[in-house]
Amino acid sequence: MAKEVTKRSENYSQWYNDLVMKADLAEQSPVRGCMVIKPYGYAIWEKMQSVLDAAFKKSGVQNAYFPLFIPKSFFSREAEHVAGFAKECAVVTHHRLMNDPDGKGVVVDPEAKLEEELIVRPTSETIIWSTYKNWITSWRDLPILCNQWCNVVRWEMRTRLSLRTAEFLWQEGHTAHATAEDAAAKAEEMVQVYADFARNTMALPVIVGHKSPNERFAGALDTLTIEAMMQDGKALQAGTSHFLGQNFAKSFDVQYTNKEGKQEYVWATSWGVSTRLMGALIMAHGDDNGLVLPPAIAPIQVVMVPIYKTDEEHNAILDKMYELKKGLEAEGHSVKIDDRDTLRPGFKFAEWELKGVPVRFAMGPRDLQNGTVEVARRDTLTKETVALEGIEKTIADLLDDIQKTIYQKAFDFRASNVEKCDDWNEFKEKIQTGKFLLCHWDGTAETEQKIKDETKATIRCIPVDSFVCEEEGVDIYSGKPSRQRVVFAISY
RNA sequence: CGGGAUGUAGCGCAGUUGGUAGCGCACUACGUUCGGGACGUAGGGGUCGUCCGUUCGAGUCGGAUCAUCCCGACCA
């Protein structure tokens, strides 16, 4: 139920948790480090899915589904990849329970030990590539462009609601191509799909770039990322797209016969975004009154709250509201009439604000008489009384404006917290205050590691669109020559 | 896995030198309210994380154990 949310200034972590739980998005599950996604939270996730799915289809991608359990032996094939996940896998060892012979409850039946353990997928590269082996024989079979929406499990040491749960929902795309160029282009294309989605739908300004070798996905030759800035100035990796080279094709022996009749290994990509995007949404746009949802992702765009004393008023207002709802829905907006008669208007206002609904209508006898409605917008917390005449157009424009305003606010916030930095002492100080620092880097893993050890800051990316800065300089830490600046930040 | 903390009603918490469990919110009923989180009255709800010990008696003391949270290391 709606309750006051901790102020951001008091404790950012607590504020975030309060928002997630009190806005009815999710709650901690009884299972360690997992979350229950509640219907309202899931509606946001579904909206994300539908927008992304449409974009994938446009890129020629098809949805498919692969098994949750992966035989342990599949993991023996790609050493580098496995090294990245081995420490955080859930393993199925038995297949039966029995009554505890010593008393109450159940125990694992020791007789039911599996001959080969099954790994609950931490990601599906291994099982998908074992499957692709059977699908690919000729150049005519390529490219294969598959995506799956599913859950994965990573037994993280430390978890955080939405941001790093032991089990999370995501989509993972896995493609196979005839040439390195095709695969690299696909990886590039998909990161741009994510960037468009983040910017236009989620109203998140993101930086697109390459990960440094240290931060790369296990087994990838190149990892592209979208990096967003949260309101405490920390970076959040919101999506990644990997160019996997021929690593997986070689490990799983996936070859095709080319036009010349020769056997060749295929080239691969994989790319994914997860329910972490919900975390990004909350931390990037939320305020002390609750969630602030961009209209493009809001499950409810307009909520209507009737204000009345008598049944007569109630009925008259509801009639008007249903009429308005019909008109707005015809324009493609999602509308909810909150006619719960057990709650007072003030309570409903607070509750819908907590849930981030972009536009709220309040209509009482006064409005009914004047042919007006009180329209409140969530992003600016302002309200005004507007005429019912031409309301469809007014609301369409307003939703557009809210979408833009939310983006602009996040954009301006980031702009005021990104700066160039060429002095190591200054770097150490500023990076702790929640800034993205554009610095020269000598390109070595050693330097990056040392900077991380001393400051906890990592290279978020080597930017490719916004913040590209190719210029001669010297590494901020080692003093060695550098040809471009990269983005340093402390991340989630 | 290191450092810190916490487990008492659905949630948030109090509980003194050991004496048999309470507050706020939420919930139920009735009434008055209703243009920014209403109020009154009356109710219901608990193996005090678990186990062992000390004691006439343990939420409280001792030990063990489990779980959760925060800060690190690891990661979408």
Side-chain angles (χ1 to χ4, degrees), chain A residues 1-6 11-14 16-18 21-22 27-34 83-89 122-123 151-172 194 211 214-218 220 223 225-228 235-242 270-280 289-290 305-311 313-314 317 339-354 360-370 372-374 376 381 383 385 452-453 456 458 460 490-492:
Chain A
M1 282 309 269
K3 267 186 197 161
E4 207 176 304
V5 172
T6 308
N11 179 338
Y12 200 80
S13 280
Q14 186 61 40
Y16 172 80
N17 279 338
D18 277 7
M21 289 188 270
K22 289 177 180 159
E27 63 188 30
Q28 203 78 49
S29 88
V31 182
R32 193 209 83 105
C34 295
F85 289 101
K87 286 169 283 182
E88 50 187 42
C89 284
T123 177
N151 56 345
V152 288
V153 169
R154 295 182 189 174
W155 214 260
E156 301 286 353
M157 288 297 180
R158 196 152 115 61
T159 58
R160 260 196 107 187
L161 223 49
S162 307
L163 292 178
R164 191 177 302 103
T165 39
E167 177 187 8
F168 56 95
L169 307 186
W170 76 347
Q171 70 50 227
E172 47 179 329
Y194 291 153
K211 282 290 184 190
N214 268 7
E215 298 277 322
R216 240 176 234 157
F217 177 70
T223 291
T225 179
I226 53 172
E227 294 284 329
L236 186 76
Q237 180 174 313
T240 49
S241 178
H242 315 287
S270 73
W271 25 274
V273 296
S274 71
T275 37
R276 169 180 267 198
L277 283 175
M278 285 171 59
N289 290 332
V305 178
I307 294 162
Y308 55 88
K309 286 198 175 79
T310 64
D311 278 353
E313 285 170 356
H314 186 186
I317 290 163
D339 67 343
R340 290 176 293 178
D341 58 6
T342 51
L343 298 170
R344 303 165 90 236
F347 184 92
K348 295 179 184 175
F349 293 169
E351 187 179 72
W352 292 114
E353 262 162 32
L354 193 54
R360 185 188 68 231
F361 281 13
M363 184 183 266
R366 218 156 59 208
D367 293 299
L368 208 56
Q369 202 167 27
N370 301 340
T372 57
V373 62
E374 183 190 87
L381 291 169
K383 51 190 180 184
T385 301
K452 187 178 177 185
D453 292 343
K456 299 187 183 74
T458 49
R460 299 321 304 158
I490 293 179
S491 76
Y492 275 98

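Note that the coordinates shown come from a computational prediction; the quantities given were computed from them, not determined experimentally.
Residue S274(A) is classed as a base contact, given a heavy-atom separation below 4.0 Å to a base. Contact annotation for E156(A): base contact, defined as any heavy-atom pair under 4.0 Å involving a base atom. Residue G364(A) is in base contact, counting any heavy-atom pair closer than 4.0 Å across all strands shown. Within 4.0 Å (heavy atoms only), T342(A) reaches no atom of the nucleic acid at all. Residue contacts shown for L163(A) include a base, since a base heavy atom lies under 4.0 Å away.
Nucleotides G46(B) and U8(B), compared at atom C1', are 8 Å apart to the nearest Å. Comparing U17(B) with C61(B), their P atoms sit 9 Å apart, to the nearest whole Å. When the P atom is used for both U60(B) and A64(B), the distance is 16 Å, rounded to whole Å. For the P atom pair drawn from U6(B) and G49(B), the interatomic distance equals 13 Å after rounding to whole Å. Using atom C1' as the reference point in both U20(B) and G2(B), the two lie 41 Å apart (nearest Å). G36(B) and A29(B) have their C1' atoms separated by 28 Å, given to the nearest Å. Taking atom C1' in both A5(B) and A76(B), the straight-line distance is 29 Å, to the nearest Å. C69(B) sits 14 Å from C13(B) when the P atoms are compared, rounded to a whole Å.
Between E351(A) and K22(A) there is no salt bridge, since no side-chain N of the basic residue sits under 4.0 Å from a carboxylate O of the acidic one.
Rounding to whole angstrom units, CD of residue E374(A) and C1' of G36(B) are separated by 9 Å. One atom, CZ of F349(A), and another, P of A38(B), lie 11 Å apart when rounded to the nearest Å. Distance, L368(A) CG to G35(B) P: 17 Å, rounded to whole Å. Spacing between atom CD1 of I490(A) and atom P of A73(B) amounts to 10 Å, rounded to whole angstrom units. The OH atom of Y492(A) sits 14 Å away from the C1' atom of C71(B) (whole-angstrom rounding). Atom CD of E167(A) and atom P of A76(B) are 18 Å apart (whole Å). In this structure, K22(A) atom NZ and A26(B) atom P are separated by 13 Å, rounded to whole Å. One interatomic measurement links the two molecules: CZ of F168(A) to C1' of C75(B), which rounds to 9 Å at whole-angstrom precision.
Here U16(B) sits opposite no nucleotide as a Watson-Crick or G-U wobble pair (both hydrogen-bonding atom distances under 3.5 Å). Applying the Watson-Crick and G-U wobble criteria (two distances, each under 3.5 Å), A67(B) pairs with U6(B). Across all strands shown, U41(B) forms a Watson-Crick or G-U wobble pair with A29(B), both key distances being under 3.5 Å. When both distances must be under 3.5 Å, the Watson-Crick or G-U wobble mate of G24(B) is C11(B). Applying the Watson-Crick and G-U wobble criteria (two distances, each under 3.5 Å), G62(B) pairs with C52(B). Taking a pair to require two hydrogen-bonding distances under 3.5 Å in either a Watson-Crick or a G-U wobble arrangement, C1(B) pairs with G72(B). The partner of G35(B), taking Watson-Crick or G-U wobble pairs whose two distances both stay under 3.5 Å, does not exist in any strand shown.
Proximity note for R344(A) (side chain, C-beta onward) versus G36(B), A38(B), C75(B): the nearest is A38(B). Nearest nucleotide to the side chain of K309(A), out of C34(B), G72(B), A76(B): C34(B). Across C74(B), G36(B), G35(B), the shortest atom-to-atom separation from the side chain of R360(A) is found for G36(B). Nearest nucleotide to the K383(A) side chain, out of G36(B), A76(B), G35(B): G36(B). Distance from the side chain of E351(A) is smallest to G37(B) among G37(B), C75(B), A38(B). Which of G35(B), A76(B), G36(B) sits closest to the side chain of P345(A) comes down to G35(B). The side chain of R276(A) sits closest to A76(B) out of G37(B), A76(B), G35(B).
In this structure a side-chain-to-backbone donor-acceptor pair under 3.5 Å is present from S274(A) to R276(A). Side chain of K348(A) to main chain of R340(A): a donor-acceptor pair is present (N/O by atom type, distance under 3.5 Å, no hydrogens or angles). Of the possible polar contacts, none joining the Q237(A) side chain to the I226(A) backbone as a donor-acceptor pair under 3.5 Å is found.
Neither OP1 nor OP2 of C75(B) sits under 4.0 Å from any side-chain N or O of R164(A). OP1 or OP2 of C74(B) lies within a sub-4.0 Å distance of a side-chain N or O belonging to K452(A).
Side-chain contact between N289(A) and L354(A): absent, with no pair of heavy atoms (C-beta onward) separated by less than 4.5 Å.
Two residues, E215(A) and G346(A), neighbour RNA chain B, and the one matched to the more 5' nucleotide by heavy-atom proximity is G346(A). Looking at which nucleotide of RNA chain B each of T159(A) and M363(A) is closest to, the 5′-most match is held by M363(A).
In this structure, R360(A) is positioned above the aromatic face of F349(A), its NZ or CZ under 6.0 Å from the six-membered ring centre and within 45° of the axis.
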After noting the C-alpha distance and the side-chain angles of E167(A) and R154(A), does the key distance pass the salt bridge (charged side-chain N to carboxylate O under 4.0 Å, His left out) rule?
CA-CA 6 Å; E167(A) 177 187 8; R154(A) 295 182 189 174; over 6 Å; no

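Atom CG of D311(A) sits in a sparse spot, with 12 or fewer heavy atoms from other residues, nucleotides or ligands closer than 6.0 Å.
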